[in-house]
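Okay, so here's the structure we're looking at.
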Amino acid sequence: MAKSIPSRSEDYSLWYNELVKKADLAEHSDVRGCMVIKPYGYSIWEKMQQALDKMFKETGHVNAYFPLFVPKSFLAREASHVEGFAKECAIVTHYRLKNSPDGKGVVVDPESELEEELIVRPTSETIIWNSYKKWIQSYRDLPILINQWANVVRWEMRTRLFLRTAEFLWQEGHTAHATAEEAVNETLQMLDVYADFAENYMALPVIKGKKSEGEKFPGAVDTYCIEALMQDGKALQAGTSHFLGQNFAKAFDVQFATKEGKLDYVWGTSWGVSTRLMGALIMAHSDDDGLILPPKLAPLQVVIVPVFKNEEELNAIRSSLEPVIQDYRKQNVTVKLDDRDTQKPGFKFAEWELKGVPVRLTIGPRDLGQGTVEIARRDTKEKQVIKIEQAVVDTLVLLEDMQKNIYRRALEFRKQMTTQVDSFDQFKKVLDEKGGFIEAHWDGTTETEAIIKEETKATIRCIPLDAKEEQGVCVYSGKPSNKRVLFARAY
RNA sequence: CGGGGUGUAGCGCAGCCCGGUUAGCGCACCUGGUUUGGGACCAGGGGGUCGCAGGUUCGAAUCCUGCUACCCCGACCA
């Protein structure tokens, strides 16, 4: 039992932290709040990137890269934006070191002070809109549909691997449009892309919605989001898409000549998902034995564990597997034969389960005589013995079924953990005893939202886009409301 | 950033209160052998600036001060 992890019911946070480390996804670095994403974790992120990048390209976007450093004055141009990020910025003040006078190490050279300090980007709206000003003169220059894959820094006080780190990886899309309508459509289109990705790749059911005034992005007119529910009943924002209106265009004076020959400010959007998705992926599906990865994002989809006593047996197994492995490769299934003779099969089973490999084949002397192989699925732990010729076909079916099954499981959980409440007492009771999403009427005011947050720690996750029109009264104030919004305690 | 806790071998911990041989245990690691269908066993072996920096003392993992990192709870946030 070298690598077992704590159970979810015992200590959910500890389970998460240990799982991230034991499954070799990431570890803390010696820099406060920062993590090292290890190869296995990074390869999952790469799979996410590949899928998302393709979807961005298919919707007409192109990639570019803007600088890590943002002049301090840029950030200040948009009032609510600077207010939103001021408290968590890393600032570059000097550009040179010199040998310490006492001969031990190096010190900042006081003569290298920058005239204007540089902010390490917490997000890139300002530096990008500063460029857009140069790029846009006429309606013919629009739209601009740019995405960038980058790291950003937000100096967080309290960090957790993947969920909140001082530096994280993400993509940020920044688009510029001639009309408000087009920008809103773009905002909603990218929200759909995120929801599509979450549900079809991550097998993570999400609720699309709009953020309340209190929860929206600083600088945006409207913020849309996808919200997911984790196994401990807490919500997690998995992606955001912002309609920026003309806020940044006005702040950076980005005007264009319309078809009618008039000058107008450009309409903007921005949208992003981050390595936080890794946290969502882990917390949505995994169990007390380790990771459960959706087949579409698993770096390794099939692992083969041979059972052998000696070199001859291993060789016999190898030759009977050769066509199978070839066939997997032809089907673009990633496969690995774990032929280490330093670990016993039982150890390997546990290790690959910890790492969330969807399908495992086990083959030993017993199978060789009969032309069979044992096939096991990670999500339900079911095993069966099949003909070796069937292995690849069965795997393909299994992978597809697992992708659907873990989605179904997560959706079923979310349904179970979504409660409609009509009184504040019930609201508090459900929150404390059950958790999950709460659908409740809200009077639409920031004041009520703030008081509920203060008293219950629950926030409005979103106003669901598909919320039904329904007359009711606010759970807190009793004032009229025409739809339910989604509350939860959140990450 | 506030309150609490922890930091001793790669990982998990004991020792600290009450200072005193050579700092110990489990897992992992190395060697040899027996094993191998759910985390093997036996024997032998290697590995430590006791988080960092000061201080008290004849003597510090142990006492004192400062710093740092992580964990939990709050405030803030993707």
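Numbered from 1 within each chain, the chains take letters A, B, ... in sequence-line order. For the numbers below, each heavy atom of this structure counts, side chains included, while hydrogens, waters and symmetry mates do not.
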Are there any protein N/O atoms within less than 3.5 Å of an N/O atom in nucleotides 67-72 of chain B, and if so, which ones and at what distance?
| residue | atom | partner | partner atom | Å |
| --- | --- | --- | --- | --- |
| B:A69 | OP1 | A:Arg32 | NH1 | 3.1 |
| B:A69 | OP2 | A:Arg32 | NH1 | 2.7 |
| B:C70 | OP1 | A:Gly33 | N | 3.0 |
| B:C70 | O3' | A:His28 | NE2 | 3.4 |
| B:C71 | OP1 | A:His28 | NE2 | 3.2 |

Please tabulate, one pair per line, each protein N/O and nucleotide N/O from nucleotides 4-7 of chain B that are separated by under 3.5 Å, including the distance.
none

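For A:Tyr224, the ring pair (Phe, Tyr, Trp, His ring centres under 6.0 Å) criterion is met by no residue, not counting sequence neighbours. Under the rule for a ring pair (Phe, Tyr, Trp, His ring centres under 6.0 Å), A:Tyr491 has no partner lying at least two apart in sequence or in another chain. Scanning for ring pair (Phe, Tyr, Trp, His ring centres under 6.0 Å) contacts around A:Phe197 gives A:Tyr201, with sequence neighbours left out. For A:Phe74, the ring pair (Phe, Tyr, Trp, His ring centres under 6.0 Å) test picks out A:Phe252, with sequence neighbours left out. Applying the side chain to side chain donor-acceptor pair (under 3.5 Å) rule to A:Asp401 yields the partners A:Arg377; only residues at least two apart in sequence or on another chain are considered. When the side chain to side chain donor-acceptor pair (under 3.5 Å) test is applied to A:Glu455, the partners found at least two apart in sequence or on another chain are A:Tyr476. Every residue meeting the side-chain contact (heavy atoms from CB on, under 4.5 Å) condition with A:Ala228, not counting sequence neighbours, appears here in chain and number order: A:Leu204, A:Val206, A:Met230.
Between A:Asp287 and A:Arg378 there is a salt bridge, since at least one side-chain N of the basic residue sits less than 4.0 Å from a carboxylate O of the acidic one. Ion pairing between a basic and an acidic side chain is recognised when a charged N comes within 4.0 Å of a carboxylate O; A:Lys457 and A:Asp432 show no such pairing. A salt bridge links A:Lys208 to A:Asp192: one of the charged nitrogens lies within less than 4.0 Å of a carboxylate oxygen.
Regarding A:Ile317, its CD1 atom lies at a distance of 11 Å from the C1' atom of B:G37, rounded to whole Å. Computed from coordinates, the A:Asp289 CG to B:G38 C1' distance equals 11 Å when rounded to whole Å. Per the geometry, CG belonging to A:Asp24 stands 17 Å off P belonging to B:G10, to the nearest Å. Per the geometry, CZ belonging to A:Arg340 stands 12 Å off P belonging to B:A40, to the nearest Å. Rounded to whole Å, atom C1' of B:G37 lies 12 Å from atom CD of A:Gln370. Protein atom CZ of A:Phe347 is 7 Å distant from nucleotide atom P of B:C29, rounded to whole Å. Protein atom CD of A:Glu227 is 10 Å distant from nucleotide atom C1' of B:A78, rounded to whole Å. Between A:Met157 atom CE and B:A75 atom C1' there is a gap of 10 Å when expressed in whole angstrom units.
Nearest nucleotide to the side chain of A:Lys457, out of B:A78, B:G74, B:G37: B:G74. Nearest nucleotide to the A:Phe349 side chain, out of B:U35, B:G38, B:C76: B:G38. The side chain of A:Lys344 sits closest to B:A40 out of B:A78, B:A40, B:G38.
Non-hydrogen atoms lying under 4.0 Å from RNA chain B are contributed by A:Val307, A:Phe308, A:Lys309, all within residues 302-311 of chain A.
Inspection of the A:Glu213 and A:Thr446 side chains reveals no N or O donor paired with an N or O acceptor under 3.5 Å.
Using a 4.0 Å heavy-atom distance criterion, A:Thr165 is classed as a base contact. Residue contacts shown for A:Arg360 include a base, since a base heavy atom lies under 4.0 Å away. At the heavy-atom level, A:Ser274 lies under 4.0 Å from base atoms of the strands shown.
Under the Watson-Crick or G-U wobble criterion, with both distances below 3.5 Å, B:C50 is left unpaired in every strand shown. Look at B:U68: its Watson-Crick or wobble partner, with both distances under 3.5 angstrom, is B:G7. The partner of B:C16 cannot be assigned: no Watson-Crick or G-U wobble pair with both contacts below 3.5 Å exists in any strand. Within the shown strands, B:U31 is the pairing partner of B:A43 under the Watson-Crick or G-U definition, both distances less than 3.5 Å. When both pairing distances are held under 3.5 Å, B:A61 makes no Watson-Crick or G-U pair with any nucleotide shown. Across all strands shown, B:C1 is found opposite B:G74 as a Watson-Crick or G-U wobble partner, with both distances under 3.5 Å.
Only one option out of A:Leu411, A:Leu229, A:Ile226 pairs with A:Pro205 in a side chain to side chain contact (heavy atoms under 4.5 Å, CB included); it is A:Leu411.
For the side chain to side chain donor-acceptor pair (under 3.5 Å) condition, the pairs that include at least one residue of residues 295-312 of chain A, sequence neighbours left out, are A:Gln301-A:Thr334. Counting only residues at least two apart or on different chains, the ring-ring contact (aromatic ring centres under 6.0 Å, His included) pairs with a member in residues 14-37 of chain A are A:Tyr12-A:Trp15.
Considering only side-chain N and O atoms, A:Lys348 lies nowhere under 4.0 angstrom from the phosphate OP1 or OP2 of B:U36.
Atom name C1', nucleotides B:C13 and B:C50: the rounded distance is 13 Å, in whole Å. Remark: the separation of the P atoms in B:G37 and B:G48 is 35 Å, to the nearest Å. Straight-line distance between the P atoms of B:A28 and B:G74: roughly 38 Å, to the nearest whole Å. Taking atom C1' on both B:C1 and B:G15, the two are 35 Å apart, rounded to the nearest angstrom. For the C1' atom pair drawn from B:U62 and B:G45, the interatomic distance equals 30 Å after rounding to whole Å.
Both A:Glu167 and A:Asp341 lie close to RNA chain B; mapped to their nearest nucleotides by heavy-atom distance, the more 5′-ward contact belongs to A:Asp341. Residue whose closest nucleotide on RNA chain B sits further toward the 5' end, between A:Pro218 and A:Thr342: A:Thr342.
At a cut-off of 3.5 angstrom, the base of B:G39 holds no donor-acceptor pair with the side chain of A:Glu353.
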